Amino acid sequence: MSELYIRVAEDENEEPMEIPSEDDGTILLSSVAAQFPGACGLRYRNPESQCMRGVRLVEGVLHAPENDWGNLVYVVNYPKDNKRKMDEIDAASAVKVKRGFQKTSDLIVLGLPWKTSEQDLKDYFTTFGEVIMVQVKRDLKTGNSKGFGFVRFTEYETQTKVIAQRHMIDGRWCDCKLPNSKAGPDEPMRSRKIFVGRCTEDMTTDELRQYFMQYGEVTDVFIPKPFRAFAFVTFADDQSGLWQ
DNA sequence: GTTGAGCGTT
């Protein structure tokens, strides 16, 4: 199969953008993410059932359904945010899942010059997008900077951009990263394995996989035998099984 | 009064 372009849109009603395929007819998730930062997969409306289906994603490579992308418009998937407690999802309510707002996180800013103030930080980061807050961590006694701080942006896109590059701040190269030790109630619990309740007996592992694929790469589907009206779906990463 | 990988008093 030679190079072709498939149409991808942020939403079914949005203007599609053409994304190039690879020589073997697959599409790289990175090609999609280049146009839609933060994308974690694709889905499409099955012309026969009129249901949304996920596009198979294996190790960053998207595979055409039935080996043919056809003339469909594919819709971008983004990691969803979870407002629910724990990881419970009703299969019945999953149909109501919509594109979730992506919550931003505090970013740690490493390598700050000793002299850099919060105003300096704010002035610098505002050039990327709207800033919610900045902090410079200081020794409480002396008031000296500890050489690192935090920043939070309004837009997730801004955060993605800021993490992706190095920053020259007051004459030093600095890095912005997602902090690790953050067990605050601020962030939702993340899990790669979700509980799917209210399953009906006719649901198959393949059907569940087909459905949940649209939210990320599915690595496992577990349905207890005999029938127990629930299932577990496991994703490849912890950003996918989050909903609202 | 120094320093240069890391992980946030409220």
Side-chain angles (χ1 to χ4, degrees), chain A residues 29-30 32-34 36-41 57 59-60 76-89 99-195 215-217 219 234-244:
Chain A
L29 180 58
S30 56
V32 177
F36 303 93
C40 68
L57 171 67
E59 288 168 358
V76 183
N77 296 330
Y78 295 96
K80 302 296 191 291
D81 228 19
N82 191 0
K83 291 235 167 70
R84 285 195 169 209
K85 285 184 182 170
M86 306 196 293
D87 301 319
E88 283 195 33
I89 315 267
R99 182 212 198 285
F101 163 76
Q102 300 189 44
K103 209 166 84 171
T104 58
S105 318
D106 291 357
L107 300 180
I108 188 164
V109 189
L110 268 0
L112 288 175
W114 313 115
K115 55 173 259 210
T116 299
S117 68
E118 296 194 339
Q119 188 60 51
D120 295 334
L121 267 194
K122 180 153 190 173
D123 291 344
Y124 173 77
F125 283 116
T126 300
T127 63
F128 292 86
E130 192 184 342
V131 168
I132 296 176
M133 73 87 194
V134 291
Q135 294 176 340
V136 170
K137 291 302 169 190
R138 300 176 179 281
D139 184 291
L140 268 62
K141 271 201 187 123
T142 67
N144 292 334
S145 167
K146 290 181 168 172
F148 71 95
F150 291 87
V151 60
R152 189 159 190 158
F153 295 98
T154 311
E155 301 294 329
Y156 192 83
E157 284 70 20
T158 312
Q159 167 172 326
T160 309
K161 200 163 84 184
V162 165
I163 293 175
Q165 70 174 71
R166 303 250 286 156
H167 302 273
M168 177 59 74
I169 303 176
D170 291 339
R172 267 184 64 94
W173 285 110
C174 304
D175 294 301
C176 296
K177 302 175 178 174
L178 290 165
N180 35 202
S181 66
K182 189 173 49 175
D186 206 26
E187 291 291 310
M189 286 295 289
R190 286 176 179 174
S191 177
R192 295 180 308 164
K193 183 184 272 188
I194 61 163
F195 174 82
Y215 303 109
E217 182 173 356
T219 54
T234 307
F235 293 95
D237 66 81
D238 64 6
Q239 291 288 311
S240 301
L242 304 176
W243 324 77
Q244 80 176 358

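Just the heavy atoms: all of them, side chains too, but no hydrogens, waters or symmetry mates, feed the values below. Please read all numbers here as calculations on a predicted model, not as lab measurements. In what follows, chains are A, B, ... by sequence order, proteins preceding strands, each numbered from 1.
Looking only at distances, a side-chain donor or acceptor of A/Gln159 sits under 3.5 Å from a matching main-chain atom of A/Ser105.
In this structure, the CZ atom of A/Phe148 is 12 Å from the C1' atom of B/dG4, given to the nearest Å. Rounded to an integer number of Å, the gap from A/Ile163 CD1 to B/dC7 C1' is 14 Å. The CG atom of A/Asp139 sits 16 Å away from the P atom of B/dT10 (whole-angstrom rounding). In this structure, the CG atom of A/Leu178 is 12 Å from the C1' atom of B/dC7, given to the nearest Å. A/Arg172 places its CZ atom 5 Å from the C1' atom of B/dG4, with the value rounded to the nearest Å. Atom CG in A/Leu107 sits roughly 12 Å away from atom C1' in B/dC7 (whole-Å rounding). As rounded to whole Å, 5 Å separates atom C1' of B/dG6 from atom CG of A/Leu110.
Listed pair A/Lys137 / B/dT9 meets the phosphate criterion, a side-chain N or O lying under 4.0 Å from OP1 or OP2.
Qualifying side chain to side chain donor-acceptor pair (under 3.5 Å) partners for A/Thr160, counting only residues two or more places apart in sequence or in other chains: none. Residues passing the ring pair (Phe, Tyr, Trp, His ring centres under 6.0 Å) test with A/Phe128, sequence neighbours excluded: A/Tyr124, A/His167. Every residue was checked against the side chain to side chain donor-acceptor pair (under 3.5 Å) condition with A/Ser30, not counting sequence neighbours, and none meets it.
Between A/Phe153 and A/Phe125, the distance from one ring center to the other falls under 6.0 angstrom.
Comparing atom distances between the A/Gln135 side chain and each of B/dG8, B/dT9, B/dC7 picks out B/dG8 as nearest.
Between A/Phe150 and B/dG8, a base-stacking contact is recorded: ring centres under 5.5 Å apart, planes less than 30° from parallel.
Residue pairs meeting the salt bridge (Lys or Arg N to Asp or Glu O under 4.0 Å) criterion with at least one member in residues 135-151 of chain A: none, sequence neighbours excluded. Under the salt bridge (Lys or Arg N to Asp or Glu O under 4.0 Å) criterion, the residue pairs touching residues 165-179 of chain A are A/Arg166-A/Asp175, with sequence neighbours excluded.
In this structure, A/Leu112 reaches the bases: a heavy-atom distance under 4.0 Å links it to at least one base atom across the strands shown.
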All N/O pairs under 3.5 Å across the protein-nucleotides 1-3 of chain B interface:
none

